[in-house]
Amino acid sequence: MIPNDDTIVARATPNGVAAIGIIRLSGVLSLQYIRSCFTFSKAISPNKVYIGYFNDPETGETIDHVCVTYFQNPKSYTGEDSVEVHCHSSSYVIKAILNSFVFLGARLATSGEFSKRAYINGKLSLTQSESVIDLIHSETKLQHQVSLNRVQGKLYTHIQSIRSQLMSLLEQLEGSIDFPDEVPPINRKDAYHIIHSISNELNHILSLQDLGKSISDGVHCLLIGKPNVGKSSIFNALLGENRSIVTETPGTTRDYITERIDYNNVHFHMYDTAGLRDSDDVIEFLGMQKIQSLIKQATIIVWVCDQSTPLTSDDFIVLDHIKHLPNYAIVFNKSDLSSNHVMTIPNAAPIFQLSCSALDSHSISCLKHLIYEHTVSSFQDHDLEFLCNIRQHACLKTLVCLISSLLDRLNVTYHDDMLAIDLRNCINSCSELTGDTITEEVLDGIFSRFCVGK
Ligand SMILES: Nc1nc2c(ncn2[C@@H]2O[C@H](COP(=O)(O)OP(=O)(O)OP(=O)(O)O)[C@@H](O)[C@H]2O)c(=O)[nH]1
Ligand SMILES: [Mg+2]
C-alpha cells in the first residue's frame with residue numbers, strides 16, 4: 001500500500017462548547033506548519049508540551065493561547081510526524097486554526113484517515129484498527145472490554161499462530177512435491193491431527209460469536225403469549241415503568257413496543273407484543289405477522305402463560321410458533337392468584353421455566369437474572385478475547401468451512417497438489433481475517449466507519 005505524502009488535519013474532539021478542543025495534524029509537513037503559526041521561538045522537541053500563542057499565518061492575528069505537542073515519526077499514532085494543538089474549544093477558534101493549516105497547504109482529513117495511515121504504516125493491524133472504532137462507540141463496560149481486547153490484538157495473535165501452523169504444513173507439502181528426493185512426504189495422520197485441533201479451536205471461536213452479537217447489539221428479548229396473560233405487565237415490571245397499557249380487556253396491545261434496559265453491563269432490548277390467538281381481526285393478523293419476524297431475530301423468547309386458568313387452544317397456537325426453536329423460556333404468570341393450575345406442557349423444551357407474578361418484584365428480579373444467565377453470563381471472561389466484528393465473523397465462517405473440507409480431504413487419498421491448493425486457501429483466509437491481505441475497497445469501507453479526526 002502506498003504511503004501518503006500529504007499532510008492532513010482535523011479536529012479530534014467533538015463539536016460544541018467545551019474547555020478544550022484538540023486539532024491533529026499528520027504528515028511530513030506537520031512540524032513546518034505548526035512552526036509557521038506558533039509563537040514558541042525555540043526548537044520544538046518531540047513528546048513535550050509547549051505553551052504559546054497560535055497566530056493566523058495569513059494575517060498574523062492571535063487566535064488562541066494553546067498547548068502544542070509534536071510526535072516524531074515513527075513514534076506517533078499514525079507512524080508519521082504528527083502535531084496536536086490543544087486549544088479552547090470554541091467553534092470559532094477551532095475553525096480558525098483549521099483554516100490556518102489549510103491556508104498553509106494541509107488537507108482536511110476524511111473519516112478514519114488517521115487510523116488508515118496508522119494501519120498503512122504498520123502501527124496497527126486491521127483487526128486493531130477496526131477495534132478502535134468499536135472502542136470509541138462502546139457504551140457498556142463489556143463492550144469496552146471486548147474492543148480493548150481486540151485493540152491489544154489477541155484475536156489477531158491467535159489467528160496468526162493458526163496461520164503459521166498451516167504455513168509449515170504447506171512448506172513441507174510443497175517441498176515434498178518439488179523435491180521428492182530430499183523432502184519426505186507429509187505424514188497425513190499427523191497433518192490430520194493438526195488440522196483437527198485447528199478446526200476445534202475455530203469452531204469454538206465461532207460458537208462464541210452469538211455472545212459477541214449480544215454484547216455489541218444487546219440481547220433481544222421477546223415477550224409473547226395469548227391475550228391477557230400479563231405480557232405488558234411483565235414488560236412494565238422489567239422496565240420499572242408503566243410503558244405499555246395494561247387492562248383486563250384481552251387484545252389491549254395491538255402493535256409491538258420495544259424499550260431498552262441495562263442489566264449487568266449488557267443492553268437488553270425488551271419487546272412487548274400483541275397477544276397471539278386465532279382471530280379474523282385484520283389488525284391482530286398484522287400484529288401476528290410482525291411477531292413472526294421478531295421471533296426470527298430474537299436472542300431469547302419468553303412465552304408467558306396465565307397459571308390462574310387452564311391452558312387453552314390459544315396457548316397452543318403460541319407454542320406452535322416456537323416449539324421448534326432452541327431459545328424459548330416459559331413463564332407461568334399470576335402466581336399470586338389462588339386458583340393456581342399446575343402447568344405441564346407436552347412437547348415443550350424450554351431453556352428455563354419460572355412461576356412468577358408481575359406484581360411481585362422478587363419474581364421479576366429472578367426472571368431478569370434468568371434471562372441474563374441464559375444469554376450472556378454462561379461465557380467466561382477469556383472468551384471475550386475472541387469476539388469478532390461483522391467483517392471478521394464473515395471471514396471466520398469461510399475459514400471454518402475451508403478447514404472442514406481440508407479435514408475431509410486429508411481422510412481420503414486426495415492428491416498432494418490439490419491439498420496444497422486447499423492449504424493455501426486456508427492461509428489466505430486467515431490473512432483476510434487478520435487484515436494482512438485486504439483490498440483497497442474493503443479498507444475504505446472499514447475506515448469510513450470512523451469519525452473524522454480518528
Ligand atoms: N393478579 C395478577 N394480575 C395480573 C398479573 N399480570 C397481569 N395481571 C392482570 O392481567 C390483566 C392483563 O394484563 P396485561 O399485562 O395487559 O396482559 P397482556 O398479556 O399484555 O394482554 P394483551 O395486551 O391483551 O395481549 C390486567 O388486568 C393485569 O392487571 C399478575 O401477575 N397477577
Ligand atoms: Mg399487552
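Worth knowing before you read on, the calculation uses all heavy atoms, side chains too, and leaves out hydrogens, waters and symmetry mates. What you see is a predicted model, and the numbers here were worked out from it, not measured in a lab. Start at 1 and go down the list; that is how both ligands and their atoms are numbered.
Side-chain contact of Ser429 with Thr398: a donor-acceptor pair under 3.5 Å is absent, judged by distance alone. Checking Thr299 against Thr375 by side-chain atom types alone, no donor-acceptor pair falls below 3.5 Å. A side-chain donor from one of Thr312 and Lys226 sits under 3.5 Å from a side-chain acceptor of the other. Side chains of Asp81 and Asn73: a donor-acceptor N/O pair is present below 3.5 angstrom, by distance only.
Taking the side chain as every heavy atom from C-beta outward, Arg24 and Ser82 never approach each other to under 4.5 Å. For the pair His88 and Ile94, the minimum side-chain heavy-atom distance is 4.5 Å or more.
Here the heavy atom of the protein found nearest to atom 6 (N) of ligand 1 is Asn333 ND2, 3.1 Å. Remark: minimum distance from atom 31 (O) of ligand 1 to any protein heavy atom is reached at Ala358 N, 2.9 Å. Nearest protein heavy-atom neighbour of atom 25 (O) of ligand 1: Lys231 NZ, 2.8 Å. For atom 13 (O) of ligand 1, the closest heavy atom belonging to the protein is Ser233 OG, 3.5 Å.
Heavy-atom contacts of Gly275 reach the following atoms of ligand 1: 25 (O) (cutoff under 4.0 Å). Atoms of ligand 1 lying under 4.0 Å from any heavy atom of Asp336, numbered from 1 in the order shown and given with element: 1 (N), 2 (C), 30 (C), 31 (O), 32 (N). Here is the list of ligand 1 atoms found below 4.0 Å of a heavy atom in Glu248: 27 (O). The Thr247 neighbourhood of ligand 1 comprises atoms 11 (C), 12 (C), 13 (O), 16 (O), 26 (C), 27 (O), with distances under 4.0 Å to a heavy atom of that residue. The ligand atoms of ligand 1 that sit less than 4.0 angstrom from a heavy atom of Pro250 are 24 (O). Per-residue contacts place Leu337 under 4.0 angstrom from the following atoms of ligand 1 (heavy atoms of the residue considered): 1 (N). The distance from ligand 1 to the heavy atoms of Leu359 drops below 4.0 Å at these ligand atoms: 1 (N), 2 (C), 30 (C), 31 (O), 32 (N).
By the neighbour-count criterion of 12 heavy atoms within 6.0 Å, atom CZ of Arg409 is densely surrounded, having more than that number from other residues, nucleotides or ligands.
For ligand 1, the polar-atom distance check finds an N/O of Val229 within less than 3.5 Å of one of the ligand's N/O atoms. At least one N/O-N/O distance between Lys334 and ligand 1 falls below 3.5 Å. Considering backbone and side-chain atoms alike, Asp272 places every N or O at 3.5 Å or more from each N or O of ligand 1. For Asn228, a nitrogen or oxygen atom sits less than 3.5 Å from a nitrogen or oxygen atom of ligand 1, counting backbone and side chain alike. An N or O contact shorter than 3.5 Å is missing between Pro227 and ligand 1 by distance.
Aromatic rings of Tyr256 and Phe235 (six-membered ring for Trp) have centroids beyond the 6.0 Å cut-off, not under it.
Taking a 4.0 Å cut-off on heavy atoms, Thr249 registers as neighbouring ligand 1.
Ion pairing between a basic and an acidic side chain is recognised when a charged N comes within 4.0 Å of a carboxylate O; Asp64 and Lys95 show no such pairing.
In this structure, Thr273 contributes its side chain and Leu223 its backbone to a donor-acceptor pair below 3.5 Å. Of the possible donor and acceptor atoms, one in the side chain of Asn236 sits under 3.5 Å from a partner among the backbone N and O of Ser244.
In the candidate list Val246, Ile234, Asn236, Val246 is nearest to atom 28 (C) of ligand 1, counting heavy atoms. Residue Gly251 holds the heavy atom nearest to atom 24 (O) of ligand 1 of all those in Gly251, Ser363, Gly230, Ser357.
When distances to the Mg ion (ligand 2) are checked against a cut-off of 2.8 Å, Ser232 contributes an N, O or S atom below that limit. The distance from the Mg ion (ligand 2) to the nearest N/O/S atom of Thr252 is not under 2.8 Å.
Exactly one of Asp272, Val229, Ile322, Val304 qualifies for a side-chain contact (heavy atoms from CB on, under 4.5 Å) with Ile224. That residue is Ile322. Among the candidates Ile330, Leu276, Val331, the single residue satisfying the side-chain contact (heavy atoms from CB on, under 4.5 Å) test with Trp303 is Ile330.
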